Amino acid sequence: MEHLIKGFETFRRDVFPQQRELFERLASGQNPHTMFITCADSRVMPEMIFSAQPGELFVYRNVGNIVPPYAQHVSGVVAAVEYAVKVLKVRHVVICGHSDCGAMKALLDPSKLDGMPSVADWLKHADVARHVVAENTAGLDAEAHLRCLTEENVVGQLEHLRTLPVVAAAMASGSLSIHGWIYDIGEAGIRVFDGSSGRFVDMRTDGHPVPQATPMARFAQNAASAA
Ligand SMILES: [Zn+2]
């Protein structure tokens with residue numbers, strides 16, 4: 001605890017004064033551009049990875065970066081997505097998995113879930129990925145297997161995300177795009193799901209457009225002409 005309290009002291013003394021104006025502005029409201037859904041893993045720090053300021057990212061974290069499908073399970077993450085899209089009007093939702101994910105390892109070896117019935121239940125929302133990988137990746141070594149499962153889980157959660165009515169409506173009007181990424185902890189790399197090829201590709205930082213996980217907005221033109 002002492003470590004945390006000392007850390008807060010350092011923040012108040014060294015960081016806050018330099019950004020006082022920003023914090024004063026944020027004291028009365030937020031306008032984040034992106035909702036970022038990732039794993040609760042302590043090694044994944046979205047604001048640090050993206051050099052983001054307070055107020056930029058609406059972050060939601062849970063075990064396995066999971067979004068249960070609409071109406072199947074009332075959950076904090078689904079409520080947070082509704083709020084982010086409907087009220088905060090974020091323009092992007094990113095679902096970000098990561099390397100060496102304990103939740104994904106537990107999916108591969110359910111004995112790791114002994115004594116944790118709630119985690120086991122929660123990870124049923126990732127069952128699609130487990131089945132897809134089990135049926136399609138015979139012969140892969142353990143590392144490749146884990147990587148495949150981590151990717152497939154992100155793809156599966158993107159599909160769940162699309163079942164939320166607020167998300168489907170905002171995507172159809174072109175006001176929201178959704179993205180599936182994997183963060184590599186040891187390499188500082190990000191792989192991005194490219195919906196047009198169905199593959200994960202390295203994120204480029206040279207201004208090249210980031211591949212999207214989604215089809216074209218169907219009603220974008222209507223929204224534009226009505227505006
Ligand atoms: Zn994880």
Side-chain angles (χ1 to χ4, degrees), residues 4 32 34-52 56-69 72-73 75-81 84 90 92-134 136-137 140-164 178-194 199-203 210 213:
L4 284 187
T34 298
M35 177 169 191
F36 198 85
I37 300 168
T38 190
C39 188
D41 192 294
S42 63
R43 298 164 294 176
V44 181
M45 294 179 70
E47 288 86 351
M48 178 189 251
I49 300 168
F50 300 105
S51 311
E56 277 193 69
L57 298 180
F58 190 72
V59 176
Y60 196 98
R61 308 172 63 136
N62 62 32
V63 172
N65 39 271
I66 280 167
V67 179
Q72 189 184 323
H73 186 99
S75 69
V77 59
V78 166
V81 171
V90 294
H92 306 276
V93 178
V94 178
I95 297 182
C96 188
H98 67 98
S99 58
D100 195 51
C101 181
M104 296 302 107
K105 287 177 173 174
L107 272 181
L108 288 177
D109 176 8
S111 70
K112 289 193 159 74
L113 294 168
D114 286 351
M116 295 189 289
S118 301
V119 180
D121 251 13
W122 177 245
L123 289 181
K124 285 184 183 149
H125 295 300
D127 252 0
V128 169
R130 192 165 59 81
H131 281 279
V132 169
V133 170
N136 292 287
T137 59
L140 286 186
D141 64 25
E143 195 182 322
H145 206 163
L146 179 62
R147 195 171 91 158
C148 257
L149 182 67
T150 305
E151 292 182 354
E152 204 55 45
N153 180 50
V154 167
V155 173
Q157 302 311 325
L158 285 167
E159 282 175 16
H160 292 171
L161 185 62
R162 277 197 282 264
T163 67
L164 272 60
I178 66 176
H179 311 264
W181 297 354
I182 310 277
Y183 168 58
D184 187 305
I185 295 167
E187 302 285 338
I190 291 185
R191 290 166 60 74
V192 174
F193 181 61
D194 178 353
R199 291 174 181 279
F200 280 79
V201 296
D202 288 337
M203 176 181 274
V210 180

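Just so it is clear, the structure is predicted and the values come from calculations on it, not from any experiment. Every number for a ligand or one of its atoms is a count from 1 in the order of the listing. Residue indices begin at 1 and follow the sequence shown.
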- Task: Would you indicate whether R199, at its atom CZ, is surrounded by more than 12 heavy atoms from other residues, nucleotides or ligands within a distance under 6.0 Å?
- Result: no

- Query: Stepwise, does the side chain to side chain contact (heavy atoms under 4.5 Å, CB included) test hold for I66 with L123?
  - Reply: CA-CA 8 Å; I66 280 167; L123 289 181; 3.8 Å; yes

- Message: Strictly below 4.0 Å, N to O, side chains only: are D127 and R130 in salt-bridge contact?
- Response: yes

- Message: Surrounding CE of M116 (heavy atoms of other residues, nucleotides or ligands, distance under 6.0 Å), is the total greater than 12?
- Response: yes

- Query: What are the protein N, O or S atoms, given as residue plus atom name, that sit under 2.8 Å from the Zn ion (ligand 1)?
  - Reply: C39 SG, H98 NE2, C101 SG

- Message: Using modelled atom types and a 3.5 Å cut-off, is there a donor and acceptor pairing between side-chain atoms of T34 and backbone atoms of H92?
- Response: no

- Query: Looking only at atom types and distance, does a side-chain atom of R43 sit under 3.5 Å from a main-chain N or O of D100, one as donor and one as acceptor?
  - Reply: yes

